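To start, the structure itself, in structure tokens.
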Protein chains: 2
Amino acid sequence: MKGKATSFDIAHLAGVSQSTVSRALRNSPLVKAETIEKVQRIARELNYKVDKHASSLRSQQSATLALLLFEDPTTDDSLINPFFLSMLGSITRACARQGFDLLVSFQQLSDDWHADYEDSHKADGIILLGYGDDVDYQPKLKQLDQQGTRYVRWGPLSEGRGLSVGCDNRQGGQDASQHLIALGRRRIAFIGNASHHYPEFFARYQGYVRALLEAGLSIEPALQQDAITTEQAGFDAVTTLLDRGTDFDAIFAASDLIAVGAMQALQARGLRVPDDVAVVGFDDIPVARFASPPLTTVRQDTKRAGEQLVESLVRQIRGEPVRSVTIPTQLVPRKSCGEA
Amino acid sequence: MKGKATSFDIAHLAGVSQSTVSRALRNSPLVKAETIEKVQRIARELNYKVDKHASSLRSQQSATLALLLFEDPTTDDSLINPFFLSMLGSITRACARQGFDLLVSFQQLSDDWHADYEDSHKADGIILLGYGDDVDYQPKLKQLDQQGTRYVRWGPLSEGRGLSVGCDNRQGGQDASQHLIALGRRRIAFIGNASHHYPEFFARYQGYVRALLEAGLSIEPALQQDAITTEQAGFDAVTTLLDRGTDFDAIFAASDLIAVGAMQALQARGLRVPDDVAVVGFDDIPVARFASPPLTTVRQDTKRAGEQLVESLVRQIRGEPVRSVTIPTQLVPRKSCGEA
DNA sequence: CTGAAAGCGCTTACAG
DNA sequence: CTGAAAGCGCTTACAG
């Protein structure tokens, strides 16, 4: 047998038609059980695999999802938020389980990624995962909607924009802040962008605001300092706060990366965590547990999130009813707030 | 126009044949410049994209690479060594630059991944990236070789086994150990598996041995403690060493994950890093810089490595001459050894 | 339960 | 420089 075997080769060997081979390989109930068995045995012997392109071309579906990861600004060529990376594992596994392949691509938010994958039939649908200015993001989503592209996005609900899967950021932010308050902290800084440009961070900030107000504390603008989600930004933000002479006894960082950078900045200035300043992060990335001190944080369940993203997209592709989903978060107390 | 536009639609609008459209879209020198221009303009207007499956089926190449990531034993469903993840970024970018799509899949080393992607024409070649027992790995590689599958593997040269790209682990291990010796450390523990089951770790160990012997130090078996590449394994290994009463003033950990876990274990026992025990890791994963104290380590250039993996595989696919590549490492001194 | 036939949307010899 | 035609390897009505 030269070259790869085809369904015709199997048909010949099995003494049936190629149509029957095609049906048998997909366990069609139309085919007699013993025919299925014979065909599949021969296929196995020939190490035959259905040609992906031929079957996709004919059936007009590729059994492939595309994952678009983007991050703007990208601090470094290869630095991707570990939070997204940890979702990647869960997404690939969920895809495999559903019988889909996964195409992965990293992009700048600023790139022209909004077409291509579905138009060229490379993928049946797109998973969008990333961090960047929502004001730049929305027009791209709008274009996807207009094109009728099937996609699901990690992030908060966004009115009039397709399907999303996201965490309850507001509740998570409130839990984190209440935790600090319960431990007796009163001057709690929020490190992270708090505007509609970064809706997830903004929701966490809103949770923070709500917790403080409920505890009878006032909201001081001086205690909020912008930072994108990198260690460097966290380091810089805390340094700025300290240079400015702002007084605080706790930090709620909008992400673990920020928190890790923040702890570094505190320790570089000789401040002790948690004795002088307690720190809470958000995400529970793998580093959090091994930071020094181990970081109290708000866990986003990446396993469940990845599975949900894939499931929502696949259901959408199949034409089944779908709706956006919000996943609860969970506070994980560690030593950075003083727990044992 | 209902449904997606095809090359026939463009042909009709441009007043040329479909063959000419196909050529024009790929900038064939056979086609008159103005025809190319007209065809491409119309294609753009229609938001036309070449159907990936049709073109792949006809041309018998998919312009897609498959990345197989595996890790055994997998400690956690979603925990993947950040070192591999950071290569992922570089690999996707290199693929895009070369005009290839990238299919990503996570597998257990124990899974049956050794076929499928190329057989079903999903990918033109495979990039293998992972960590696991080499004794389990080799038979799979052998099978790939026998099938004539085009692949490239991250790791050391392996006689009679296809193409590889890897770091100079022995030299890296030697550099790390010499660094500790130069700082006056004399009782240096090696944490990591040091057998042919884990050739990369073993090469690092050999570098360690060489450095010690060159410095006139003896190799004490009690100073070597097995660990796979997880924080937990590093933590456990150091705990074992301490429980056993082994005396040491430095640790060379076979990976950063091990090193981070090791530092945790030391600090949990009240030992100071670097005062009591200096620590060097391997990889320079993002965490290393933000560990406490920041971790001295041997950097593997993941950007270059990813690019090289893609380039080697693409050249192999194109039938160009290729050979395995070894990339140099670089010592990155940080505070875990006492540097400023 | 099975087969003959059409056709998915391209690329690429072949002919001019 | 361009066109008519074949064919990549499947899936799926259609007919029996």
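Note on naming: letters A, B, ... go to the chains in the order of the sequence lines (proteins, then strands), and numbering restarts at 1 for each one. The shown structure was predicted, so the numbers you read here are calculated from the model rather than taken from an experiment.
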Seminar exercise, completed: Whole-Å distance, B:Q18 CD to D:dA6 P, equals 14 Å

For this session: Could you list the residues that satisfy side chain to side chain donor-acceptor pair (under 3.5 Å) with A:Q300, not counting sequence neighbours?
Result: A:D283

Seminar exercise, completed: So the salt bridge (Lys or Arg N to Asp or Glu O under 4.0 Å) pairs with at least one residue in residues 315-324 of chain A (sequence neighbours excluded) are A:E311-A:R315, A:R315-A:E320

Problem set entry | d(NZ, A:K49; C1', D:dC10) in whole Å | 16 Å

Exercise. Among all residues two or more places apart in sequence or in another chain, which pass the side chain to side chain donor-acceptor pair (under 3.5 Å) test with B:S312?
Worked result: B:Q308

Exercise. Using a cut-off of less than 4.0 Å, is there contact between a side-chain N or O of A:Y48 and OP1 or OP2 of D:dG9?
Worked result: no

For this session: Measure the distance from CG on A:D51 to P on C:dG7 and round it to the nearest whole Å.
Result: 21 Å

Exercise. Taking atom P of C:dC10 as reference, at what distance in whole Å does atom NE2 of B:H53 sit?
Worked result: 12 Å

Problem set entry | Counterpart residues, side chain to side chain donor-acceptor pair (under 3.5 Å), relative to A:H12 (two or more places apart) | none

Exercise. Taking CG from A:D9 and P from D:dC8, how many angstroms apart are they, rounded to a whole number?
Worked result: 12 Å

Exercise. For B:Q60 and B:T35, take the nucleotide of DNA chain D holding the closest heavy atom to each; which residue's nucleotide lies nearer the 5' end?
Worked result: B:T35

Exercise. Who are the salt bridge (charged side-chain N to carboxylate O under 4.0 Å, His left out) partners of B:R23, not counting sequence neighbours?
Worked result: none

Exercise. Mind pulling the stems DNA chain D is in, i.e. runs of at least three Watson-Crick or G-U pairs, everything under 3.5 Å?
Worked result: C:1-3 with D:14-16, C:5-12 with D:5-12, C:14-16 with D:1-3

Exercise. A:S55 side chain N/O closer than 4.0 Å to the phosphate oxygens (OP1, OP2) of D:dC10?
Worked result: no

For this session: For A:E45, enumerate each residue passing the side chain to side chain donor-acceptor pair (under 3.5 Å) test, keeping only those at least two apart in sequence or located in another chain.
Result: A:R41

Exercise. Think A:S59 has a side-chain N or O under 4.0 angstrom from the OP1 or OP2 of D:dT11?
Worked result: no

Exercise. Quick one: B:H12 NE2 to C:dG9 P, roughly how many Å, whole number?
Worked result: 17 Å

Exercise. For B:S7 and C:dC10, is the shortest distance between a side-chain N/O and OP1 or OP2 below 4.0 Å?
Worked result: yes

For this session: Please work out if A:S22 contacts a base, only the sugar-phosphate, or nothing of the nucleic acid, heavy-atom cut-off 4.0 Å.
Result: base

For this session: For DNA chain C, find the residues of residues 24-33 of chain B with a heavy-atom distance under 4.0 Å and give them by number; none if there aren't any.
Result: B:R26

For this session: Check the distance between D:dG7's P and B:L57's CG and give it to me in whole angstrom.
Result: 14 Å

Could you pull out all donor-acceptor pairs under 3.5 Å where a side-chain atom in residues 31-40 of chain B meets a protein atom, sequence neighbours excluded?
unit_1	atom_1	unit_2	atom_2	d
B:K38	NZ	B:A14	O	3.3
B:Q40	NE2	B:A24	O	3.0
B:Q40	NE2	B:N27	OD1	3.0

Exercise. NA contact type, A:S56, heavy-atom cut-off 4.0 Å: base, sugar-phosphate, or nothing?
Worked result: nothing

Problem set entry | Distance, rounded to the nearest Å, where A:E34 contributes CD and C:dC1 contributes P | 10 Å

What nitrogen or oxygen pairs link the protein and nucleotides 13-16 of chain C at under 3.5 Å?
unit_1	atom_1	unit_2	atom_2	d
C:dA13	N6	B:R23	NH2	2.7

Problem set entry | Spacing of CG belonging to B:L67 relative to CH2 belonging to B:W154, to within rounding of 0.5 Å | 13.0 Å

For this session: Return each pair, listed once, that meets salt bridge (Lys or Arg N to Asp or Glu O under 4.0 Å) where at least one residue sits in residues 52-69 of chain A; pairs must be two or more places apart or across chains.
Result: A:K52-A:D101

Problem set entry | Contacts of A:S17 that satisfy side-chain contact (heavy atoms from CB on, under 4.5 Å) - sequence neighbours left out | A:S19, A:T20

Exercise. How far apart are the closest heavy atoms of B:D133 and B:V135, and which atoms are they?
Worked result: OD1-N, 2.8 Å

For this session: Take B:D124 and B:F100 through the side chain to side chain contact (heavy atoms under 4.5 Å, CB included) test and state the conclusion after the steps.
Result: CA-CA 9 Å; B:D124 298 327; B:F100 281 77; 3.7 Å; yes

